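Encoded as structure tokens, the structure appears first; notes follow it.
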Amino acid sequence: MHDLRLVREQMHLLRDGFARRGKLDTLGPILDRLEGLERDRRALITAVEDRKARRNTLTQEVAQKKRAGEDAAAQVADSRSLGEEIARLEADLSATESTVSGLMLELPNITRDEVPAGDESHNALIREWGTPRLDATVRPHWEVAAELGILDLARGAKVSGTGFIVYRGLGAKMVRALINLMLDTHTTTHGYEETWVPLVVNRTSMTGTTQLPKFEDDMYSLHGDDMFLIPTAEVPITNLYRDEMIDAAELPKALTAYSACFRKEAGAAGKDTRGLLRVHEFDKVELVRYAAPDTSLAELELLTGHAEAILKLLELPYRVLLLAAGDTGFGSSKTYDLEVYAPGVGKWLEVSSCSNFGDFQARRMNIRYRQTAGEKPRFVHTLNGSGLALPRIIAALLEHGQQADGSIAIPAALQPYLGTARLG
RNA sequence: GGAGCGAUGGCCGAGAGGCUGAAGGCACCGGUUUGCUAAACCGGCGUACUGGGAAACUGGUACCGAGGGUUCGAAUCCCUCUCGCUCCGCCA
């Protein structure tokens, strides 16, 4: 959420930012409406408060007269009619305010200057690590996984539906092994506090991290309870400190959690649906950082590095993209995507998205800190990234590590967790 | 699921329709004094919105868990909700 002051004083920043996202066509009219509504809102505030001040004076007079045993009927009558006028004005005001705040929730963040303008074709390649294996003989992961008996897509579909995965044997153990490797690395060498958070959250939390109100269709909700299954642990972790003041000495605060993630993928029907490429329920280790504003840019580099470290441990070739404004998520001001190369499907697979939200989430959630004692509270900056999402990692491991005889070589760092150096 | 009790400033805690932005204490900040530390004393000490001002500052409004209601006027009375505690029921 943006500061309403931007609408009043820095409208050009919003227009320019939305233009860079390619969203000015739809958002420009909203800005025009907001400009007028914000003027109305302040005029109504002035009108209401003026009448309240007059009423306060009158009620003081009533009190004095009553104490003195005098008649206060005139003041009571005036005060009553002011009260009626106040009620009318306040009804107007609250209608205006709810329209304004509803519209404000529709506005995405604006990206930082160094983020390229335009759609995803303007995403910038920042760096690459390792050598992608360009080998047409590598088979897709769903074929080898079925042969190895570690993936049972048919029964997953029977039990729940397509996009719900059943892992078996060493496949199931690989999920557990990867989670442990990731959490151990983040807590031990990267200094994150491990947390275990709810998979079901309320509407306020979903709004705080900007999944709502715009993306309700993408989420699973609980019948009759106004609760949602989380699409990422970002939601519960970042909401941990909602409506709190964080001690400046505790910044930056780094939290990690493993969680299952649930996504309807409503708009993506038919795309990348085979195997593990796009599923409705998956496992992920998430990284979240709360930072002071002046360090948040460096914090994003740090966090991205932590996610990359896992890919290096897994010896998977990857590349880092700086997303163009139009491809950057709703609440983010700057996002790096990490993609691994999966030779069996011949594609780069997104396995992590590392974002700096600036104060956009913190303003919705009211998460603040005081730089020095006695100073006014400021919003913290929030960041998060996957570290990492499992299904595509498993796909990449099964394809990148594939041997001529159909067996799979397991990277050294994962071997102690999985208990074997090879599958098949 | 049912019953009872509770929620007041950074913290503790009074107040029970108007004289309360809210006693008192703690913490914090400034000062005086005592050769340091400490103590004592004096003063200060909330947030948000909105108007005026270049600014220091200043006018107004709101805020006693949240939202409604009663009333000329609500921290105070009524209703609903949220959360916490205690008890009952149920339960992995």
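Small disclaimer: the values here were computed from a predicted structure and weren't measured. What you see below is based on every heavy atom in this structure, not just the backbone, and it leaves out hydrogens, waters and symmetry mates. Below, read A as the first sequence line, B as the second, and so on, with proteins coming before strands; counting in each chain starts at 1.
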OP1 or OP2 of [N] under 4.0 Å from side-chain N/O of [X]:
| X | N | value |
| --- | --- | --- |
| A:Arg51 | B:G60 | no |
| A:Arg80 | B:U71 | no |
| A:Asn56 | B:G60 | no |
| A:Arg42 | B:C49 | no |

- Message: Counting neighbours of CZ on A:Arg422 that are heavy atoms of other residues, nucleotides or ligands and sit closer than 6.0 Å, is the number greater than 12?
- Response: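 Buried by this count: over 12 neighbours within 6.0 Å.
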- Message: Counting only heavy atoms from other residues, nucleotides and ligands, does the tally under 6.0 Å from CG of A:Asp294 exceed 12?
- Response: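 Above 12, so yes.
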- Item | Residue that, paired with A:Tyr192, satisfies side chain to side chain donor-acceptor pair (under 3.5 Å) out of A:His306, A:Glu286, A:Lys253 |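 With A:Tyr192 as partner, side chain to side chain donor-acceptor pair (under 3.5 Å) holds for just one option, A:His306.
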Without decimals, in angstroms, what is the distance between [X] [atom1] and [N] [atom2]?
| X | N | atom1 | atom2 | value |
| --- | --- | --- | --- | --- |
| A:Leu93 | B:A62 | CG | P | 13 Å |
| A:Arg203 | B:U82 | CZ | C1' | 17 Å |
| A:Leu44 | B:G60 | CG | P | 22 Å |
| A:Leu58 | B:C72 | CG | P | 13 Å |
| A:Leu82 | B:U71 | CG | P | 16 Å |
| A:Ile86 | B:U50 | CD1 | C1' | 16 Å |
| A:Glu38 | B:C49 | CD | P | 11 Å |
| A:Lys66 | B:G73 | NZ | P | 11 Å |

What's the gap between [N] and [M] when it is taken at their [atom1] atoms, as a whole Å value?
| N | M | atom1 | result |
| --- | --- | --- | --- |
| B:C42 | B:G25 | P | 10 Å |
| B:C11 | B:A27 | P | 16 Å |
| B:U8 | B:G65 | P | 6 Å |
| B:C78 | B:A22 | C1' | 23 Å |
| B:G6 | B:G46 | P | 31 Å |
| B:U47 | B:A54 | P | 25 Å |
| B:C26 | B:A14 | C1' | 15 Å |
| B:G53 | B:U20 | P | 34 Å |

Pair partner, [N] [Watson-Crick or wobble, under 3.5 Å]:
| N | answer |
| --- | --- |
| B:C11 | B:G25 |
| B:A55 | none |
| B:U70 | none |
| B:U86 | B:A3 |
| B:A38 | none |
| B:U76 | none |
| B:G65 | B:C81 |

- Query: Contact class for A:Arg8 (heavy atom, under 4.0 Å): base, sugar-phosphate, or nothing?
  - Reply: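 Counting heavy atoms under 4.0 Å across all strands, the contact made by A:Arg8 is with sugar-phosphate only.
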- Message: Mind checking if A:Arg54 touches a base, just sugar-phosphate, or nothing, with heavy atoms under 4.0 Å?
- Response: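 The answer is nothing, as A:Arg54 stays clear of every strand by at least 4.0 Å.
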- Message: Reading RNA chain B from 5' onward, which residue's closest nucleotide shows up sooner: A:Glu49 or A:Arg368?
- Response: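 So the residue in question is A:Arg368.
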- Query: For A:Ala63 and A:Ala53, take the nucleotide of RNA chain B holding the closest heavy atom to each; which residue's nucleotide lies nearer the 5' end?
  - Reply: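 Its nearest nucleotide lies further toward 5', so the answer is A:Ala63.
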- Message: Donor-acceptor check, side chain of A:Asn384 to backbone of A:Glu234, threshold 3.5 angstrom: yes or no?
- Response: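 No: the side chain of A:Asn384 does not pair with the backbone of A:Glu234.
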- Task: Assess the pair A:His2 and A:Phe360: is the distance between their ring centroids shorter than 6.0 Å?
- Result: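 Ring centroids of A:His2 and A:Phe360 are less than 6.0 Å from each other.
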- Query: Can you name the closest pair of heavy atoms from A:Met206 and A:Ile230 and give their distance?
  - Reply: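 Closest heavy-atom pair between A:Met206 and A:Ile230: CE-CA, 4.0 Å.
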- Under the criterion side-chain contact (heavy atoms from CB on, under 4.5 Å), which of A:Asp152, A:Leu151, A:Ile150 is the partner of A:Arg168?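 By the side-chain contact (heavy atoms from CB on, under 4.5 Å) criterion, A:Arg168 pairs with just one of A:Asp152, A:Leu151, A:Ile150: A:Asp152.
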- What's the closest nucleotide to the A:Lys52 side chain, out of B:C72, B:C49, B:U61?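 Selected nucleotide: B:U61.
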